[in-house]
Asks: 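Attaching a single structure in structure tokens format; questions to follow.
All of these numbers come straight from a predicted model, not from anything done at the bench. Lettering follows sequence order; numbering is per chain, from 1.
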2 protein chains.
Amino acid sequence: MSGKDLIKEQFDKLVSITPADWLYFSERLQFKQFGKKDRITQADRVEDNLYFLAHGVVRFIVHNEEKETTTDFSFSGHFFCSYSSFITRQPGIFEIRPVTKTASCYYISWNDLQQVYANTNCGEKIGRMAAEQQFIRKSDREVSLLTIHPKDRYLQLMEEQPQWIHQIPLKHLASYLGITPETLSRIRSSIMKSNG
Amino acid sequence: MSGKDLIKEQFDKLVSITPADWLYFSERLQFKQFGKKDRITQADRVEDNLYFLAHGVVRFIVHNEEKETTTDFSFSGHFFCSYSSFITRQPGIFEIRPVTKTASCYYISWNDLQQVYANTNCGEKIGRMAAEQQFIRKSDREVSLLTIHPKDRYLQLMEEQPQWIHQIPLKHLASYLGITPETLSRIRSSIMKSNG
DNA sequence: GTTTTTCCTTGATCTCAATCAAGAAGTTGC
DNA sequence: GCAACTTCTTGATTGAGATCAAGGAAAAAC
């Protein structure tokens, strides 16, 4: 199975796409592999590409007064990019880097994606549904940040996304949860004790 | 000018819509006025309608262990609903209530909106762009909650959304900022002092 | 207009997480 | 393999904001 088929699988979850539409889209896909120290996307630039992560994990970083905060992660099988910038064509605030040793990505340029929207039947529909799903993720996150205690957020993550805990260094998880690495370390050890 | 024209204005910001498409959509709009104690949307129900606020302010509430948190507000001239529920057709977690004495709303049902998506030329495009904009709001909010100190979030709100400060009771703003009313009251008085 | 209720402010205390610090464990690179 | 570096853990201290409490201002109800 080609890596592009992973993308087709994602689309098929949303709508039934015609072979012609799929061809039009997939012909415009390019491929690139990133190493651990690469920046897939740099802050303060207009995001040119929409990426699909075929293998690896990436994180979204915001720099703020000497500190860096990891706001989100993306795993293989999902699209990612500095969305706000990609959508508005304004410089973005996110730096995107691999968490894993490598990140293998298919990507399509903004210009090509506009062609897909204009010249396929279901492009807009997939685009709408994908945007809706991204919205839901962020909306859930807002509720989580406002209503759930960091310790409980970590417990929830252990249940719902155990792969996050295994694949992501503690310090980045801590940042994502809005706490310091020290505090997360203590949370983790308190869980160990209560579980025997 | 009819209230529906407010909606047309919003659409015109996104795409040029044909008279036929607008007619198809606007014929499906209904109108309802809500009082201060009404619940526009109840938690644990599937959201049936997408609302457009013609007049007033509403807030989004999450109930969590006896406490209620205000996660967001919507102002006149904007669409709102318990989106995640509206999209997924699963029971939602948000209660939506007016902040102002009344909230005047146009609304379209989920079923009718699917008809619009299916039978208009630009419905999907508007839907995609609207979803993208909602995503951007939530993404910005995530960054704000993770990287900005509550006091600075309040100062930012004063600059960017001064109408929020004037129209929304302090206790709801505090909840939205993730702090207690007492703390926001102290922040506010410290700003007063430093401004003379 | 008066009562009732809600909302906001201010003060005192307490608690939890940040910070500072240092050492252990684990990785990476030569 | 060893050195250099990064990451994680643990401890002591500090501080910002939550909580508890009460009085005053404002708004709503009658």
Asks: Grab the NZ-P distance between B:Lys171 and D:dA26 for me, whole Å please.
Replies: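 After rounding, the reported distance stands at 17 Å.
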Asks: Check each residue of residues 176-185 of chain A for a non-hydrogen atom within less than 4.0 Å of any atom in DNA chain D, then write out the ones that pass by number, or none.
Replies: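 Going residue by residue through residues 176-185 of chain A, the ones with a heavy atom under 4.0 Å of DNA chain D turn out to be A:Glu182, A:Ser185.
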Asks: Any N or O donor-acceptor pair under 3.5 Å from the base of C:dT10 to the side chain of B:Arg188?
Replies: no
Asks: Would you kindly give the CD1-to-P distance between B:Ile168 and C:dT6, to the nearest whole Å?
Replies: 21 Å
Asks: Counting any heavy atom closer than 4.0 Å, what does A:His172 reach on the DNA or RNA strands: base, sugar-phosphate only, or nothing?
Replies: nothing
Asks: Verify side-chain hydrogen bond (donor to acceptor under 3.5 Å, both in side chains) between B:Arg59 and B:Tyr176, making sure each step is shown before the conclusion.
Replies: CA-CA 10 Å; B:Arg59 67 191 180 105; B:Tyr176 174 80; over 6 Å; no
Asks: Can you tell me which nucleotide in C:dC7, C:dT19, D:dA28 comes closest to the side chain of A:Arg186?
Replies: C:dT19
Asks: Assess the side chains of A:Arg45 and A:Gln42: does a donor N or O sit below 3.5 Å from an acceptor N or O?
Replies: yes
Asks: Using the side-chain heavy atoms of A:Leu170, tell me which of these nucleotides is nearest: C:dC8, D:dT9, C:dT10.
Replies: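 Minimum distance to the A:Leu170 side chain belongs to D:dT9.
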Asks: Without swapping roles, check the side chain of A:Thr69 against the backbone of A:Thr71 for a donor-acceptor pair under 3.5 Å.
Replies: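 Judged by distance alone, no pair lies under 3.5 Å.
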Asks: Is the distance from OP1 or OP2 of C:dC16 to the nearest side-chain N or O of A:His149 less than 4.0 Å?
Replies: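 The answer is no; no side-chain N or O of A:His149 sits under 4.0 Å from OP1 or OP2.
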Asks: What is the distance, rounded to the nearest whole Å, between atom CG of A:Leu146 and atom P of D:dA18?
Replies: 12 Å
Asks: Could you verify whether a donor N or O on one side chain and an acceptor N or O on the other, from B:Arg153 and B:Gln156, lie under 3.5 Å apart?
Replies: no
Asks: Is the count of non-hydrogen atoms from other residues, nucleotides or ligands lying under 6.0 Å from A:Gln163 atom CD greater than 12?
Replies: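 More than 12 heavy atoms, drawn from other residues, nucleotides or ligands, come within 6.0 Å of this atom.
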Asks: Pick base, sugar-phosphate or nothing for A:Lys37, based on heavy-atom distances below 4.0 Å to the nucleic acid.
Replies: nothing
Asks: In whole Å, what is the span from the NZ atom of B:Lys151 to the C1' atom of D:dG17?
Replies: 13 Å
Asks: What is the distance, rounded to the nearest whole Å, between atom NZ of A:Lys36 and atom P of C:dG29?
Replies: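 Value for this atom pair: 9 Å.
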Asks: Report the hydrophobic cluster partners of B:Leu146, with the cluster defined as I, L, V, M, F, W, Y residues connected by side-chain heavy atoms closer than 4.5 angstrom, directly or transitively.
Replies: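 Traced through the cluster, B:Leu146 reaches A:Leu145, A:Leu146, B:Leu145.
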Asks: Determine whether a donor-acceptor pair (N or O, by modelled atom type, separation under 3.5 Å) exists between the side chain of B:Asn49 and the backbone of B:Tyr107.
Replies: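 Between the backbone of B:Tyr107 and the side chain of B:Asn49 there is no qualifying donor-acceptor contact (under 3.5 Å).
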